[in-house]
Novice: 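The structure follows.
All chains are named by letter (A, B, ...) in the order of the sequence lines, taking the proteins before the strands, and each is independently numbered beginning at 1. Side-chain atoms are counted along with the backbone in the values below, which use heavy atoms only and exclude waters and symmetry mates.
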Number of protein chains: 2
Amino acid sequence: MAGTATTQERILDLAQQFIQERGYNGFSFRDLANGVGVKSSSIHYYHASKTHLALAVTSRYRKNFAAATAQLRKEIPAAPDLLKAYAQIFKSTFEDGKKVCLCAMLASDRDSIEEAVTDQVRAFFADQYGWLSSVVTDGISQGTVRDNVRPDDFAVLFFSALEGAMMVANANDRSADIDLVADQMIGLVLQTA
Amino acid sequence: MAGTATTQERILDLAQQFIQERGYNGFSFRDLANGVGVKSSSIHYYHASKTHLALAVTSRYRKNFAAATAQLRKEIPAAPDLLKAYAQIFKSTFEDGKKVCLCAMLASDRDSIEEAVTDQVRAFFADQYGWLSSVVTDGISQGTVRDNVRPDDFAVLFFSALEGAMMVANANDRSADIDLVADQMIGLVLQTA
DNA sequence: GTCTATAAGATGATAGAC
DNA sequence: GTCTATCATCTTATAGAC
């Protein structure tokens, strides 16, 4: 399962999974150590504190997400198809073990987390707004998106709705809600609607 | 501030606030006891366990929300105005101390919470879907909402987007995002758009 | 109805051996 | 790089006094 992965990678993988499933306050160094198969002191060897661990996980998540969205940009030309593919990233994350967005979890736990982590969460949100906004702007130029749609505002709407959809999908065990939400929003801005 | 409130009420008030701000795992009976001004054993007198406490808070929240939305129905006739007023409930909750929806927090912490609490969360979501769906159905009859909008689907979209908007608004300290999201969605289904 | 006292276990973290 | 051993503190929860 994690045959070639280093201990360091397996720690980050499981920490990310725990935050996505239980939140920052929902797991301990011991849980992590047990899952990885080492002692909790070994976790401290790699990450001085829980805050440092959260920062490492968040920074990696942000980087991976940026790579994935950049790749979509290279492969898919039409804006509506890009939005659909973007929503599929969220849906896949959810179906891969009923996990919601890492940064949504950390944003929820904000009041019990150090500010440096929230800074990373905000940076992730800004990344997403930038990508979505540029996709919509291109869509208007292409003629695939209605020209009365405001890219920055729609980016906030699309992203918020997707994050909210993951939250309710998780509570209701209904991943189809993610498609339901994404498809409605894409339909509403389509030039041909 | 809480001059006439009973200890029981003050416990529920603060417990709700803590869950909304920090999540279910982000506060302890001690925090609660210190805030209310009693000992943690007194919290146990009213609520046998943390699960029971969460159930009491959630059940009261659901009841209060039902009363508030029923009242809106009596006072406001037009569907778009009702949707706007509904969104204002969320915005007010947020501005009253940067709090997000209680049930959104509990839904996020689902994997570390007993199923009975999640049942209440799901019931709350179902309440909201029912109310929103009926408002949109009436809006179509009134002619204030476009007749190609599907009430059940739009209820999921509107609610998900509002919940997601609160989450990002909280991370970014930007309550205006809640209006931004609500106004765009209402605009998109308006008959006169 | 609220308290003191206490239990048994979990928590993040550290020092030092191998 | 990973371990054992230990820490002070916090956790939910209970028994019984006032």
Novice: For the side chain of R30(B), counting heavy atoms from C-beta on, which of dA13(C), dT12(D), dT2(C) is nearest?
Specialist: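 Of dA13(C), dT12(D), dT2(C), dT12(D) is nearest to the side chain of R30(B).
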Novice: Which whole-number value in Å describes the distance from K39(B) NZ to dA13(D) C1'?
Specialist: 17 Å
Novice: H47(A) NE2 to dT11(C) P: how many Å, rounded?
Specialist: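 Rounded to whole Å, this separation is 18 Å.
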Novice: Taking only N and O in the side chain of S42(A), is any of them less than 4.0 Å away from OP1 or OP2 of dG1(D)?
Specialist: no
Novice: Whole angstrom is fine here: how far is it from CD in Q8(B) over to C1' in dT2(C)?
Specialist: 14 Å
Novice: Examine dT2(D): is either OP1 or OP2 under 4.0 Å from a nitrogen or oxygen in the side chain of Y45(A)? Give yes or no.
Specialist: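 So the side chain of Y45(A) is outside the cut-off, no N or O lying under 4.0 Å from OP1 or OP2 of dT2(D).
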Novice: Would one find a side-chain N or O of S40(A) under 4.0 angstrom from OP1 or OP2 of dG12(C)?
Specialist: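 Answer no for this pair, as no side-chain N or O of S40(A) is under 4.0 Å from OP1 or OP2.
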Novice: For F158(B) and Y86(B), take the angle between the two ring planes, folded into 0 to 90°, and tell me which bin it lands in: parallel under 30, tilted 30 to 60, perpendicular over 60.
Specialist: tilted
Novice: Taking only the side-chain heavy atoms of H44(B) (C-beta and beyond), determine which of dT2(D), dG1(C), dA13(D) contains the nearest atom.
Specialist: dA13(D)
Novice: Is the phosphate of dT12(D), meaning OP1 or OP2, less than 4.0 Å from a side-chain N or O of K50(B)?
Specialist: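 Yes, K50(B) has a side-chain N/O under 4.0 Å of OP1/OP2 on dT12(D).
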Novice: Just how far, in rounded Å, is C1' of dT11(D) from OH of Y24(B)?
Specialist: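 Rounding to the nearest Å, OH of Y24(B) and C1' of dT11(D) are 12 Å apart.
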Novice: Decide yes or no on side-chain contact (heavy atoms from CB on, under 4.5 Å) for L32(B) and F27(B), but give the supporting numbers first.
Specialist: CA-CA 7 Å; L32(B) 208 45; F27(B) 75 101; 4.1 Å; yes
Novice: Looking at K84(A), I want to see if its NZ is surrounded by more than 12 non-hydrogen atoms of other residues, nucleotides or ligands under 6.0 Å.
Specialist: yes
Novice: Using atom types as modelled and distance alone, determine if a side-chain donor or acceptor of Q20(B) lies under 3.5 Å from a backbone N or O of V100(B).
Specialist: yes
Novice: Could you work out which one of dT12(D), dG1(D), dA13(C) sits closest to the side chain of F29(B)?
Specialist: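 So the nucleotide nearest the side chain must be dT12(D).
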Novice: Taking only side-chain nitrogens and oxygens of S41(A), does any of them come within less than 4.0 Å of OP1 or OP2 of dT14(C)?
Specialist: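 Answer no for this pair, as no side-chain N or O of S41(A) is under 4.0 Å from OP1 or OP2.
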Novice: Check the distance between dT4(C)'s P and I43(B)'s CD1 and give it to me in whole angstrom.
Specialist: 14 Å
Novice: Check whether any side-chain nitrogen or oxygen of S28(B) sits under 4.0 Å from OP1 or OP2 of dT11(D), and answer yes or no.
Specialist: yes
